[in-house]
Amino acid sequence: MWCRRKRAPAPRATPSGHERADRLESERRADEAAERKERERQRKESGLPSEAAIQQCLNTLGRMNLDSSRRSEMENGCYATGKIEPVYTESYQQPYYGGGYYPAYPYPPRPPRPPYPPPTPPKDRPTAKPVDLYKVPGAPRGSER
């Protein structure tokens, strides 16, 4: 049987695709870490809380049952101080929790009506006799049989 010798691969001057991708990935990670450290340093200098403190605060807020306006106040507090406390502004407006679609009194209340005077019986009429219930209007009068 005829046997062929395998040829050894030629040495490459450029790195393979995997090596190049790994090198680019490690460079990207190193750049991101340097940017993160720089942001953290700037944050400490300006007195703002760290990203970890902000994230922990936001995670705690996520577990709380709050309405949307209160949640936004608390999130602003997380970004400003790193703790769960609301940040009040001068234009703060209390949330409206009451009523439905219609206001309670759309018009001013009406004044009370004057009472009706009691009815007075007419004086010129004579008093009537009670009706005889045993009389039938169609029956003959008298004792005729």
Side-chain angles (χ1 to χ4, degrees), residues 1-139 141:
M1 181 160 189
W2 182 260
C3 206
R4 199 178 220 194
R5 243 170 108 191
K6 289 188 177 177
R7 213 184 276 183
R12 293 184 179 167
T14 59
S16 69
H18 293 292
E19 293 170 358
R20 184 169 180 240
D22 290 343
R23 183 175 49 83
L24 291 174
E25 180 73 17
S26 63
E27 286 176 6
R28 185 181 61 81
R29 285 185 184 165
D31 289 342
E32 286 177 356
E35 287 175 9
R36 248 192 331 269
K37 286 181 182 178
E38 179 64 24
R39 277 187 299 197
E40 192 67 30
R41 186 187 61 76
Q42 288 176 351
R43 215 174 248 288
K44 282 182 182 177
E45 287 176 359
S46 64
L48 294 174
S50 66
E51 290 183 11
I54 292 173
Q55 190 59 44
Q56 183 180 8
C57 180
L58 292 175
N59 289 343
T60 306
L61 272 180
R63 292 189 299 268
M64 297 171 87
N65 187 12
L66 299 170
D67 64 334
S68 60
S69 63
R70 186 74 175 152
R71 181 178 298 280
S72 66
E73 288 174 18
M74 296 295 214
E75 285 176 358
N76 289 342
C78 282
Y79 287 116
T81 62
K83 299 174 187 169
I84 297 180
E85 51 188 41
V87 175
Y88 295 106
T89 58
E90 291 180 14
S91 63
Y92 176 73
Q93 181 180 4
Q94 284 280 352
Y96 177 69
Y97 292 112
Y101 178 73
Y102 293 103
Y105 291 102
Y107 303 106
R110 292 181 178 163
R113 291 184 176 163
Y116 288 110
T120 57
K123 295 181 181 176
D124 60 340
R125 259 179 128 183
T127 58
K129 291 193 254 179
V131 177
D132 186 6
L133 297 176
Y134 294 105
K135 278 189 177 177
V136 180
R141 306 205 184 261

Next on the checklist: Checking R39 against E35 for the salt bridge (charged side-chain N to carboxylate O under 4.0 Å, His left out) test, could you report, in this order, the C-alpha distance in whole Å, the side-chain angles of both residues, the deciding distance, and whether it holds?
Outcome noted: CA-CA 6 Å; R39 277 187 299 197; E35 287 175 9; 5.4 Å; no

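Using a cutoff of 4.0 Å between basic side-chain nitrogens and carboxylate oxygens, E40 and K37 are not scored as salt-bridged. Using a cut-off of 4.0 Å between Lys/Arg side-chain N and Asp/Glu carboxylate O, E27 and R23 are scored as salt-bridged.
Between M74 and R71 there is no side-chain heavy-atom pair separated by less than 4.5 Å. The side-chain heavy atoms of R70 and D67, taken from C-beta on, include a pair separated by under 4.5 Å.
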Below 3.5 Å, can you tabulate the donor-acceptor pairs from side chains in residues 109-116 to any protein atom, sequence neighbours excluded?
none

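Residues in residues 49-59 take part in these side-chain hydrogen bond (donor to acceptor under 3.5 Å, both in side chains) pairs, two or more places apart or across chains: Q55-N59.
Atom-to-atom distance recorded for L24:CG and R20:CZ is 5.5 Å, nearest 0.5 angstrom. In this structure, SG in C78 is found 5.0 Å from CG in L58, a value given to the nearest 0.5 Å.
Atom CZ of R29 has 12 or fewer neighbouring heavy atoms from other residues, nucleotides or ligands inside a 6.0 Å radius.
Taking the side chain to side chain donor-acceptor pair (under 3.5 Å) definition, one finds that R41 meets it with E38, E45, sequence neighbours left out.
Between P49 and G82 the shortest heavy-atom distance is CG-N, 3.4 Å.
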